[in-house]
Enquirer: 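Next up is a structure, given as structure tokens.
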Amino acid sequence: MFTENYNAEKIEKEIHDFWDENKIFEFKFNDKRPIFSIDTPPPTISGMIHVGHAMSYSQAEFIARYKRMRGFNVFYPMGFDDNGLPTERYVENVRNIRAVNLPRDEFIKICLEETRKGEEEFKEIWKLLGISVDWNLTYSTIDDFCRKISQFSFIDLYEKGRVYRAESPITWCPNSQCKTAVAQAELEDFKRITKLNYIKFKLENNEEIVIATTRPELLPACVGIFVNPNDKRYKKLIGRYAFVPIFGQKVKIMEDELVDPNFGTGIVMVCTFGDSTDIEWWKKYNLETKIVIDESGKLNDLAGKYSGLTIEEARKEITEDLKKEGKLIEQKDIEQTLNVHERCGTPIEYLISKQWWIKISDLKEKWLELGNQIKWYPASMKNRYDTWVNGLNTDWCISRQRYYGIPFPVWYCKKCGKIIIADKKDLPIDPFYQKPKKSCSCGYNDFEPEKSVMDTWATSAITPLINSKWTEKENLVDLIYPMSLRPQGHDIIRTWAFYTIAKCWLHTGKIPWNSIMVNGHGLDPHGKKMSKSKGNIVEVKEIIKKYSADALRYWAASAKLGNDLPFKEQDVARGQKIIIKLWNAAKLISNSIENYKPNRKIELKSIDKWLFLKLNKVINKATEEYEKYEYSDATAYVENFFWHDFCDNYLEIVKQRIYNGNDEAVKYTLYYSFLSILKLFAPILAHITEKLYQKLYSGKEKEISIHISNWPEEFEFFDESIERNGDLAIEIISFIRKWKHDRKIALNAELNKIIIDCNFEQREGLKEFLDDIKTATKAKEISFGYVRDNELPSGIKIDIS
RNA sequence: GGGCCGGUGGUCUAGUGGCAUGACGUCACCUUGACGCGGUGAAGGUCGAGAGUUCAAAUCUCUCCCGGCCCACCA
């Protein structure tokens, strides 16, 4: 018997130490059990770990624990995504430095220092939360092995003809902290109100046409004018020439179906480049190239007196000047959707530059087919993948003009310009500080290193191969690839999920994982994303300290898979109540279990069988839900069974038998039913179930930890009529409770006599439960007989006195 | 403009054809030998709107409205 209260902070700490010491979560390399491998998301080191992170990682963690109990050898690694733009931005802010002002190697060193710190912080919090990863399997995307495998991957795709270098228009972020090429997947939509400017262009014969544009600052880059071929108003213009105001260049008027006659004046100017239609026309009609915006979003010499101005400044001044010249005849407010960089919200520009690309846009059908080979949970999330693939219109630009990332294993010959690719056996290399091992084929021996680094997604897209130690002699590819499960958020389906499927298939010809579970986000109480700048971050540590890790995990388990979940402290408090309830139930039954070890078949009473019948159903349902990764529905079933069937009804009914101390049937029932309850709760309430397992079952059950014990299976099947009859008994007990309540009598007040009036079948069934009704209602006497009133839904009538 | 997800008592939520689930909150009663962080009850919903299919619709179909997300070349 134990009497102490539950001290979550102390006990959770003890349990963590126990798990560590006994290596409970270690992946066993030589083991016959089937493997369940998880492609854990490597979090970006961003300096703020909030309950939203805790939620998504907990949800994958529930599945890891469930699978472990199902007898799988679980491969559950942890990674850290600690390079690339987000990390640079983080480090620049934390240290208040700017990468551009520092030597490259010094900046990289600082980044490494800062990310180490961030990783320690993550590790500490994940341990507090009880995330059951095997920390021996940790990787970081900037470590030697990841640099090697990432460069290897690049060379492999280069050799396969999937990687190419090309000078072409590219989406570019001109933000002073970015100044890099970005990929289609990194763009977001942004709606804003802007001015549509109606501008007069002169024709050769001094006639005038009016063109509507939102970007007058691009006038110096204007290389053509288009009208719709079916637009009768402008048919006569086709093939003639116009002069761009202020800048004076002469441009041809052409026709194209893409022009919407109803937008603006129905006449469009093409600039290199204002948007993707410009690029399309530029390619299709082989137009001149006039780039007027530079890498930092300023106008260059082509803009004449406007040179050096930012886009916004130039727009303002050029508009002013047009107005002065009488060329601007109208300005209208319109709503405009434009592409912005997802990291900083800056409108992207199109520049021409030389970048490295992975060819993906020609294989849309393949990507869709691979998507079909993977099981999506919840199934509807596959739509997002399909939509994205269908909308793909460019290849994947993987070079970034940044500092802290994985370098390309590439040099260029300074004489003939030939591309020199490093030898696979020399990886990882940094072309900035290392040279090719032999001269160029042209005989020259001086090289220019590729200065760009790779898009972080290019590395994180091969996490299944990183986990498999692909490229190493002693690898796990046959063992764990394709991996069993990819858990990840819905916001990165177009990036992480898609790129992983694409790259891994290009390398191996196989899908990267058999299933993907897509989790929602933990939001602030008002349903908004948590972010430092909004000041609405709820910190993991605080909540764990106030409630407990188990209570926070319970909150995480309350969201259906894929749904976003606003953080409500009352939900965590609800988890706390269940934990306390479990502890107190254990207190009550500890006497019966502590010195008891079932070793033979016992004749059970009907109410005991009733409990097992209910339990069987819960085990079935919970298992079914877990197989679909629906931990939340599973938990709801378990919770309902534990709280109501087990505590409110069964325990109340058998209390006297517990106190008697020598009822073998009740001991047997409590031993196994409570063990099952603990196991069913174990994936969610990982700590308290472990503690109670050790307190009550240690030395009796085979495994030292509940988390490696077997998932509960159905008990012996009893005649289903017992469940029905037991339910009738509960119905009668409830009625008597209400009867007492209506008379403001205490529930434990004694009754003189209960008379039950029912049909023959009910009477036969209830006979087995009369004692239970008697003790639960404190009736001195109970009998069958004729009753006039008090009819229950089942038709039974009760007389109470 | 297209797609996906959602709209259920004050708040949140389960529920894909058959009397609307639970939590939190509210109110009342019960100081029951595990738990008052408890027990027992009560009040509270025309299940976003409309139409249709059906003996029967929160659930299926259509239209519309609202919210969120994803996608799209409208200058």
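Labels below follow one simple rule: chain letters A, B, ... track the order of the sequence lines, proteins then strands, and each chain is numbered from 1. What you are looking at is a predicted structure, and each value in this text was computed from that prediction instead of being measured.
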Enquirer: So which nucleotide from B:A72, B:A75, B:U40 ends up closest to the side chain of A:Val268?
Expert: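 Nearest nucleotide to the side chain: B:A75.
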Enquirer: Could you state the CG-C1' distance from A:Leu523 to B:G6, rounded to the nearest angstrom?
Expert: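 About 14 Å, once rounded to whole Å.
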Enquirer: Closest-nucleotide mapping onto RNA chain B: is A:Gln570 or A:Gly274 further toward the 5' terminus? I mean the 5' end.
Expert: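 Looking at RNA chain B, the more 5' nearest nucleotide goes with A:Gln570.
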Enquirer: Looking at B:G22, I'd like to know if its phosphate oxygens (OP1 or OP2) sit under 4.0 Å from a side-chain N or O belonging to A:Trp643.
Expert: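 False: A:Trp643 side-chain N/O out of range (4.0 Å or more) of B:G22 OP1/OP2.
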Enquirer: Remember a base hit wins even if backbone is also touched, and classify A:Glu257 as base, sugar-phosphate or nothing at under 4.0 Å, heavy atoms.
Expert: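 Counting heavy atoms under 4.0 Å across all strands, no contact is made by A:Glu257.
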Enquirer: For the P atoms, the ones on B:G18 and on B:A57, what distance do you get once it is rounded to whole angstrom?
Expert: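 Rounded to whole Å, the distance is 11 Å.
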Enquirer: Send over the distance from A:Arg215 CZ to B:A75 P, rounded to a whole Å.
Expert: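 Nearest whole value for this atom pair: 11 Å.
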Enquirer: Could you tell me whether A:Asp663 and A:Lys667 make a salt bridge, using a distance below 4.0 angstrom between a side-chain N and a carboxylate O?
Expert: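 Answer for the salt bridge query: no.
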Enquirer: With a 4.5 Å limit on heavy-atom distance, are the side chains of A:Leu692 and A:Ile688 in contact?
Expert: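 Touching, per the 4.5 Å side-chain cut-off.
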Enquirer: Atom CD1 of A:Ile688 and atom C1' of B:C35: how far apart are they, to the nearest Å?
Expert: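 Answer to the nearest Å: 12 Å.
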Enquirer: How many Å lie between CZ on A:Phe226 and C1' on B:C74, as a whole number?
Expert: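 Rounded to whole Å, this separation is 15 Å.
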Enquirer: Classify the nucleic acid contact of A:Lys560 as base, sugar-phosphate or nothing, counting any heavy atom under 4.0 Å across all strands shown.
Expert: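 Touches sugar-phosphate only.
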Enquirer: Please pick, from B:G33, B:U32, B:A28, the nucleotide with the shortest atom-to-atom distance to any side-chain atom of A:His741.
Expert: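 Nearest to the side chain of A:His741 among the choices is B:A28.
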Enquirer: Side chain of A:Tyr659: nearest nucleotide among B:C73, B:A34, B:U40?
Expert: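 That would be B:A34.
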Enquirer: Determine the interatomic distance between P on B:G68 and the same-named atom on B:U21; round to the nearest Å.
Expert: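 These two P atoms come out 31 Å apart once rounded.
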Enquirer: When you measure from the side chain of A:Asn748, which nucleotide among B:A42, B:U32, B:C69 comes out closest?
Expert: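 Shortest atom-to-atom distance from the side chain points to B:U32.
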Enquirer: Take atom C1' in B:U13 and the same atom in B:C5, then report the distance between them in whole Å.
Expert: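 Comparing C1' positions in B:U13 and B:C5 gives a spacing of 16 Å.
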Enquirer: Look at the side chain of A:Thr387 and decide which nucleotide, out of B:A75, B:C71, B:C73, has an atom nearest to it.
Expert: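 My answer, after comparing the listed nucleotides, is B:C71.
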Enquirer: Rounding to a whole Å, what distance do you find between A:Arg315:CZ and B:A75:P?
Expert: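 Rounded to whole Å, this separation is 11 Å.
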Enquirer: If B:G41 has a Watson-Crick or G-U wobble mate with both distances under 3.5 Å, name it; if not, just say none.
Expert: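 Partner of B:G41: B:C27.
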Enquirer: Report which part of the nucleic acid A:Gly264 touches: base, sugar-phosphate, or nothing (heavy-atom distance under 4.0 Å, all strands).
Expert: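 The residue A:Gly264 makes no contact with any strand.
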Enquirer: With respect to the side chain of A:Lys577, which nucleotide from B:C24, B:C4, B:C74 is positioned closest?
Expert: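 Nearest to the side-chain atoms of A:Lys577, counting from C-beta on, is B:C24.
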Enquirer: Run the salt-bridge test on A:Glu624 and A:Lys621 with the 4.0 Å N-O cut-off and return the result as yes or no.
Expert: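 Judged by the 4.0 Å cut-off on N to carboxylate O distance, A:Glu624 and A:Lys621 do not form a salt bridge.
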Enquirer: Of the nucleotides B:C35, B:U32, B:G15, which has the atom closest to the A:Asp633 side chain?
Expert: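 Ranking B:C35, B:U32, B:G15 by closest atom to the A:Asp633 side chain puts B:G15 first.
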Enquirer: Is the side chain of A:Gln331 donor-acceptor paired with the backbone N or O of A:Tyr198 at a distance under 3.5 Å, no angle test?
Expert: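 No; zero donor-acceptor contacts below 3.5 Å.
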Enquirer: Between B:U54 and B:U16, how far apart are the two C1' atoms, rounded to whole Å?
Expert: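 The same atom, C1', in both gives a distance of 15 Å.
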Enquirer: Checking base pairs now: Watson-Crick or wobble, both atom distances under 3.5 Å. What partners B:U21?
Expert: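 Its partner is none (no Watson-Crick or G-U wobble pair with both distances under 3.5 Å).
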Enquirer: Taking any heavy-atom pair under 4.0 Å as a contact, classify A:Cys271: base, sugar-phosphate, or nothing.
Expert: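 No contact.
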Enquirer: Counting the atoms with a prime plus P, OP1 and OP2 as sugar-phosphate, which does A:Val270 contact under 4.0 Å by heavy atoms, base, sugar-phosphate, or nothing?
Expert: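 It contacts nothing in the nucleic acid.
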Enquirer: Look at A:Arg574 and B:A23 and indicate whether a side-chain polar atom (N or O) is within less than 4.0 Å of OP1 or OP2.
Expert: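 For B:A23, neither OP1 nor OP2 has a side-chain N or O of A:Arg574 closer than 4.0 Å.
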Enquirer: Taking CG from A:Asp491 and P from B:C69, how many angstroms apart are they, rounded to a whole number?
Expert: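 Value for this atom pair: 12 Å.
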Enquirer: Please lay out, stage by stage, how A:Trp282 and A:Tyr350 fare under the test ring pair (Phe, Tyr, Trp, His ring centres under 6.0 Å).
Expert: CA-CA 12 Å; A:Trp282 170 77; A:Tyr350 293 88; over 10 Å; no
Enquirer: If B:G6 has a Watson-Crick or G-U wobble mate with both distances under 3.5 Å, name it; if not, just say none.
Expert: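 Across any shown strand, B:G6 pairs with B:C66.
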Enquirer: Looking at A:Lys581, does any N or O in its side chain come under 4.0 Å of the phosphate oxygens OP1/OP2 on B:G39?
Expert: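 It does, given that an N or O in the side chain of A:Lys581 lies less than 4.0 Å from OP1 or OP2 of B:G39.
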Enquirer: Tell me: CG of A:Leu561 to P of B:G6, nearest whole Å?
Expert: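 From A:Leu561 CG to B:G6 P: 13 Å.
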Enquirer: As a test of reading the structure: which of B:C73, B:C4, B:U32 is closest to the side chain of A:Asn383, going by heavy atoms?
Expert: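 Comparing B:C73, B:C4, B:U32 against the side chain of A:Asn383, the answer is B:C4.
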Enquirer: Check for me: is A:Trp583 stacked on B:A34 by the 5.5 Å centroid and 30° plane-angle rule?
Expert: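 One would not call A:Trp583 stacked on the B:A34 base.
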Enquirer: Now, which nucleotide makes the Watson-Crick or G-U wobble pair with B:A51, with each of the two distances under 3.5 Å?
Expert: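 For B:A51, the partner nucleotide comes out as B:U61, under the 3.5 Å rule.
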Enquirer: Please work out if A:Glu639 contacts a base, only the sugar-phosphate, or nothing of the nucleic acid, heavy-atom cut-off 4.0 Å.
Expert: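 Result for A:Glu639 = nothing.
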Enquirer: Take atom C1' in B:A58 and the same atom in B:C74, then report the distance between them in whole Å.
Expert: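 The same atom, C1', in both gives a distance of 41 Å.
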Enquirer: How is A:Asp260 classified with respect to the nucleic acid when contacts are heavy atoms under 4.0 Å: base, sugar-phosphate, or nothing?
Expert: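 Answer is base: heavy atoms of A:Asp260 come under 4.0 Å of a base.
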Enquirer: For A:Asp648, answer base if it contacts any base atom (sugar-phosphate contacts may also be present), sugar-phosphate if it contacts only those atoms, and nothing otherwise; contact means non-hydrogen atoms under 4.0 Å.
Expert: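 Contact class for A:Asp648: sugar-phosphate only.
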Enquirer: Applying a 4.0 Å non-hydrogen cut-off, can you work out what A:Lys744 is touching in the nucleic acid: base, sugar-phosphate, or nothing?
Expert: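 A:Lys744: backbone/sugar contact only, no base atoms under 4.0 Å.
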Enquirer: Atom CD1 of A:Ile225 and atom P of B:A75: how far apart are they, to the nearest Å?
Expert: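 After rounding, the reported distance stands at 18 Å.
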Enquirer: Does B:A56 have a Watson-Crick or wobble mate here (both distances under 3.5 Å), and if so which one?
Expert: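 No nucleotide pairs with B:A56.
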Enquirer: Can you tell me if A:Arg494 uses its side chain to pair, donor with acceptor, with the backbone of A:Ala185 under 3.5 Å?
Expert: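 Checked: pair present.
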Enquirer: Have A:Tyr6 and A:Gln576 got a donor and an acceptor in their side chains that come within less than 3.5 Å?
Expert: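 Side chains of A:Tyr6 and A:Gln576: no pair found under 3.5 Å.
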Enquirer: Between B:A75, B:G33, B:A34, which nucleotide has the shortest distance from any of its atoms to the side chain of A:Val259?
Expert: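 Per side-chain heavy atoms of A:Val259, the pick is B:A75.
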Enquirer: Determine the contact category for A:Ser734: base if any of its heavy atoms lies under 4.0 Å from a base atom, sugar-phosphate if only primed atoms, P, OP1 or OP2 are that close, otherwise nothing.
Expert: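 Here A:Ser734 touches the backbone only, sparing every base.
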Enquirer: Checking all strands, does A:Ala585 fall into the base, sugar-phosphate, or nothing category for heavy-atom contacts under 4.0 angstrom?
Expert: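 If one applies the 4.0 Å heavy-atom cut-off, A:Ala585 turns out to touch a base.
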Enquirer: Need to verify one output field. Residue with the more 5' nearest nucleotide on RNA chain B, A:Ser380 or A:Gln576?
Expert: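 Looking at RNA chain B, the more 5' nearest nucleotide goes with A:Ser380.
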Enquirer: What interatomic distance, in whole Å, is found between P of B:U26 and the corresponding atom of B:U11?
Expert: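 Comparing P positions in B:U11 and B:U26 gives a spacing of 15 Å.
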Enquirer: Run the salt-bridge test on A:Glu4 and A:Lys10 with the 4.0 Å N-O cut-off and return the result as yes or no.
Expert: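 Salt bridge: no.
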Enquirer: Strictly below 4.0 Å: does A:Lys655 bring a side-chain N or O up to OP1 or OP2 of B:U32?
Expert: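 For B:U32, OP1/OP2 do not have a side-chain N/O of A:Lys655 under 4.0 Å.
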Enquirer: Rounding to the closest angstrom, what is the interatomic distance between B:G2 and B:A20 at atom C1'?
Expert: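 It works out to 35 Å between them.
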Enquirer: Ignoring hydrogens, what is the shortest heavy-atom contact between A:Glu255 and A:Tyr285? Give both atom names and the distance.
Expert: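 Closest approach of A:Glu255 to A:Tyr285: O-OH, 3.4 Å.
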Enquirer: Do A:Arg574 and A:Glu639 sit within salt-bridge range, that is, some charged N less than 4.0 Å from a carboxylate O?
Expert: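 Result for this pair is yes, salt bridge flagged.
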Enquirer: Between B:A14, B:U31, B:G33, spot the one nearest the side chain of A:Asn563, thanks.
Expert: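 Nearest nucleotide to the side chain: B:A14.
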Enquirer: When rounded to the nearest Å, what value does the distance between C1' atoms of B:A14 and B:G7 take?
Expert: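 Taking atom C1' in both B:A14 and B:G7, they lie 15 Å apart.
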Enquirer: Under 4.0 Å between a side-chain N or O of A:Asn393 and OP1 or OP2 of B:C73?
Expert: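 For A:Asn393, the contact criterion (side-chain N or O under 4.0 Å from OP1 or OP2 of B:C73) is met.
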